[in-house]
Amino acid sequence: MAGGEGGDTEWAKALAESSTEVPGAFEKEMKMKGLGGFGKGKFNPKLSANAKLLEWLEEQGDVYLSDQSTWGLAPHPMAVSTETIDETTNESTGRGLLARRNINEGDELLTIPMELCMTLKVARKALGEDVITDGMNEYLAIAMHMIYERYQLKENSEMSAYFGVLPEVDEVNPTFTWSDEDLSFLGGSPVVAATQSMQAKLRREYDDLIPSLLERFPNRFSKEAFTYENWIWAFTMLFSRAIRLRNLGNGEALAMVPYADLINHSPFSGAYVDARQKGSWLFKEGTEEVILYADRSYRKMEQVYISYGPKSNGDLLLLYGFALERNPYNSVDVTVSIAPRTAAFVERYKAKVAAGEAEFIDFLDVDPLADEKLEFVENSGRDTTVDFPCYADRYPTEMLQYLRLMQMTSEDTRGKSLSEFDYTRTISAANEAAVLNSVIEAVKMQLRKYPSTEEQDAQLIKDKGMFKLFSYNQRMAVRHRRNEKRLLKRTVAALEKQIRSRGLLDEDILQRAGGNTGGEVLKGEGKFYGTKQRSALEERLEKMGLPVDLR
């Protein structure tokens with residue numbers, strides 16, 4: 001036996017760790033701390049729903065969740081809390097899982113059989129291959145299955161115990177379910193455009209799919225069950241709870257995983273839910289299960305967390321209905337709109353100026369490299385109006401590369417083709433000064449979009465009596481827009497410091513940069529300068545496995 005104390009001492013330690021308190025003692029302790037119910041003599045329906053879920057998991061999936069030890073098995077290390085609280089904002093974060101005992105790094109926290117999960121494969125089996133056809137998107141398939149089980153079969157569903165613990169839409173509150181009034185509190189934030197895009201997509205997908213489904217199968221699917229409101233509920237659950245399992249034998253799959261989806265998110269967690277084959281390393285059973293290991297140690301009563309991935313607060317607010325005060329992955333999308341100063345563009349713009357439809361710009365001359373730049377950008381799959389995420393301590397290298405290209409002048413190229421340059425490196429001092437100043441101007445333009453300042457938001461939050469009068473969504477919106485402004489202001493400060501430290505304030509450099517108008521950020525509608533196909537947030541959603549177009 002390697003490591004440990006060995007002998008009787010090691011045996012006594014192992015026995016103590018595998019033993020448990022009186023059955024139900026931990027749940028009583030949770031109640032005393034306000035985590036397990038309403039208190040003595042008061043009925044909490046969430047407690048009843050929790051108990052039914054655990055019973056269903058044990059009976060249908062042979063999942064060991066008991067607080068008692070048995071032969072060869074320690075007590076299950078976690079317990080369901082009916083209410084958890086964000087310690088920073090003091091806002092409710094719904095159900096969560098707490099450590100029932102001390103947990104060590106690497107401990108196995110849960111295993112859930114794949115047959116209890118909701119996947120496209122399970123949806124096809126339940127609804128039929130004529131409904132869940134080949135090539136149908138996972139989100140659409142699972143959403144239809146969830147609506148069928150919860151709203152059509154109701155208590156007759158074999159998964160009714162699972163649906164009993166799933167929250168309502170107003171308990172999650174992703175921004176695509178917000179009212180226009182609540183959404184107005186996010187005025188100026190890039191989240192508004194992403195929200196409206198998501199709302200339009202969900203509406204379009206429902207209209208394209210569900211009415212024809214009800215018409216084709218009137219005896220199988222109920223109009224009362226497949227309403228748009230229930231469609232929104234299903235996608236609220238999917239976006240906020242579904243897990244992408246990447247280590248399945250037949251490739252990855254999206255899944256709703258009962259019990260595992262009760263665990264809350266921390267951006268500092270390194271734990272991810274995934275899948276593995278059941279059985280020992282030597283004898284595999286041929287079936288699969290969902291597994292989670294502890295990424296760190298936990299003390300008794302401490303909330304257990306997993307990571308939903310490196311998501312910004314915009315991602316979290318749009319899909320999960322919350323934002324974090326401390327989020328190392330937080331970013332704000334900044335629009336960089338480049339004027340393609342071709343001869344045709346300059347002529348059109350001057351005509352708009354003459355008609356009073358545009359602002360006069362004294363540097364608007366034809367760029368001899370404009371056509372070559374536009375061709376280069378088009379071949380790279382970019383547009384002349386692009387969104388880039390800016391972080392608290394950095395900005396993407398892709399943005400610098402893009403702007404270095406667009407800020408190129410004939411003096412930089414000296415007769416060479418634009419494709420001959422390495423845009424991951426500084427082109428020239430003047431080019432770099434123009435690039436950094438363009439980013440500063442783009443960030444400042446984003447800051448000007450907000451109807452209030454960061455200081456005004458901070459004062460609003462500080463007035464706790466007034467702040468409590470706002471709804472949950474509105475409080476989230478104020479905190480979120482304030483954090484966006486703080487991040488953007490830090491970006492400006494960091495860029496200005498970089499310009500100073502690199503000696504880019506030299507008068508000759510600034511004069512050359514000021515005259516280099518190939519990449520000036522012009523005021524006004526970005527659509528006039530280029531069509532922005534997708535926002536940076538939408539591109540991140542696609543990389544996460546969330547479809548930009550649900551089809």
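Note: hydrogens, waters and symmetry copies are ignored here, and every other heavy atom, side chains too, is used. As the structure is a computational prediction, the values presented were derived from the model and not from experiment.
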Correct closest heavy-atom pair for His480 and Ala323 would be ND1-CB, 4.2 Å
Charged N to carboxylate O below 4.0 Å: is that the case for Glu454 and Lys485? no
I would like to know whether Arg479 and Asn313 meet side chain to side chain donor-acceptor pair (under 3.5 Å); could you show each step before the answer? CA-CA 10 Å; Arg479 291 192 187 101; Asn313 277 350; over 6 Å; no
Using only atom types and a distance under 3.5 Å, with no angle test, would you say the side chain of Ser48 pairs donor to acceptor with the backbone of Pro45? no
Closest heavy-atom pair, Lys373 versus Met408, reported as atoms and distance to 0.1 Å, is NZ-O, 2.7 Å
Charged N to carboxylate O under 4.0 angstrom, Lys462 versus Glu455? no
Rounded to the nearest 0.5 Å, how far apart are CH2 of Trp178 and OG1 of Thr195? 7.5 Å
Look only at the side chain of Asn173 and the backbone of Asp170, and say whether a donor-acceptor pair between them is shorter than 3.5 Å. yes
To the nearest 0.5 angstrom, please state how far the OH atom of Tyr259 sits from the CG atom of Leu110. 7.0 Å
Can you measure from OH (Tyr402) to CD (Gln407) and round to the nearest 0.5 angstrom? 10.5 Å
Determine yes or no for a side-chain-to-main-chain donor-acceptor pair under 3.5 angstrom, with Asp107 supplying the side chain and Asn104 the backbone. yes
Could you check whether Gln303 and Tyr305, counting side-chain N and O atoms only, form a donor-acceptor pair closer than 3.5 Å? yes
Validate the cation-pi geometry between Arg296 and Tyr298: distance from NZ or CZ to the six-membered ring centre under 6.0 Å, angle to the ring axis within 45°. yes
More than 12 heavy atoms of other residues, nucleotides or ligands under 6.0 Å from CD of Glu325: yes or no? yes
What do you reckon, are the aromatic ring centroids of Phe470 and Phe185 less than 6.0 Å apart? yes
Charged N to carboxylate O under 4.0 angstrom, Glu432 versus Arg404? yes
Do you know the tightest heavy-atom contact between Pro167 and Val172? CG-CG2, 3.6 Å
Rounded to the nearest 0.5 Å, what separation is found between the OG1 atom of Thr93 and the CG atom of Asp86? 6.5 Å
Donor-acceptor pair, Ser81 side chain versus Gly96 backbone, under 3.5 Å? no
Main-chain N/O of Gln456 paired to Gln459 side chain as donor or acceptor, under 3.5 Å: no
Using only atom types and a distance under 3.5 Å, with no angle test, would you say the side chain of Glu441 pairs donor to acceptor with the backbone of Ser438? no
Show which side-chain atoms of residues 187-194 pair as donor or acceptor with protein atoms under 3.5 Å away, not counting sequence neighbours.
unit_1	atom_1	unit_2	atom_2	d
Ser189	OG	Val191	N	3.1
Ser189	OG	Glu484	OE1	3.0
Ser189	OG	Glu484	OE2	3.0

Distance (rounded to the nearest 0.5 Å) between Tyr151 OH and Trp231 CH2: 13.5 Å
Under 4.0 Å between a side-chain nitrogen and a carboxylate oxygen: does that hold for Asp261 and Arg241? yes
Quick check: Phe176 with Phe239 (ring centres under 6.0 Å apart)? yes
Evaluate the side chain to side chain contact (heavy atoms under 4.5 Å, CB included) criterion for residues Val492 and Lys489: first the C-alpha distance (whole Å), next the side-chain angles of each, then the deciding distance (0.1 Å), finally the verdict. CA-CA 5 Å; Val492 170; Lys489 288 169 72 174; 5.7 Å; no
Rounded to the nearest 0.5 Å, what separation is found between the CD1 atom of Ile103 and the CG atom of Leu98? 9.5 Å
Atom CG of residue position Asp463 - does it have more than 12 heavy atoms of other residues, nucleotides or ligands inside 6.0 Å? yes
Kindly say whether the aromatic ring centers of Tyr308 and Tyr320 come within a distance under 6.0 Å. yes
Let me see the working for Lys497 and Ser501 under side chain to side chain donor-acceptor pair (under 3.5 Å), right down to the final yes or no. CA-CA 6 Å; Lys497 181 179 179 180; Ser501 65; over 6 Å; no
Please determine whether a side-chain nitrogen of the Lys or Arg among Arg244 and Glu138 lies less than 4.0 Å from a carboxylate oxygen of the Asp or Glu. yes
Is a side-chain N or O of Asn327 found less than 3.5 angstrom from the main chain of Lys311, in a donor-acceptor match? yes
Within 45° cone of Tyr228 ring axis and under 6.0 Å: Arg203 NZ or CZ: yes
Smallest heavy-atom separation, Ala442 atom then Val336 atom, equals CB-CG2, 4.3 Å
Should Asp295 and Tyr293 be marked as a side chain to side chain contact (heavy atoms under 4.5 Å, CB included) after you check the CA-CA gap, both sets of side-chain angles, and the distance that decides it? CA-CA 6 Å; Asp295 66 315; Tyr293 295 99; over 6 Å; no
Trace of the side chain to side chain contact (heavy atoms under 4.5 Å, CB included) decision for Ser471 with Asp182: CA-CA 8 Å; Ser471 69; Asp182 288 348; 3.7 Å; yes
With distance as the sole test, does Ser269 use its side chain to make a donor-acceptor pair with the main-chain N or O of His265 at under 3.5 Å? no
Side-chain donor or acceptor of Lys300 paired with backbone N/O of Asn102 under 3.5 Å: no
Under 3.5 Å side-chain donor-acceptor pair for Thr424 and Asp422: yes
Would you tell me whether Arg150 and Asn230 have side-chain atoms, one donor and one acceptor, within less than 3.5 Å of each other? no
Can any side-chain N or O of Asn264 pair as donor or acceptor with the backbone N or O of Arg95 at less than 3.5 Å? yes
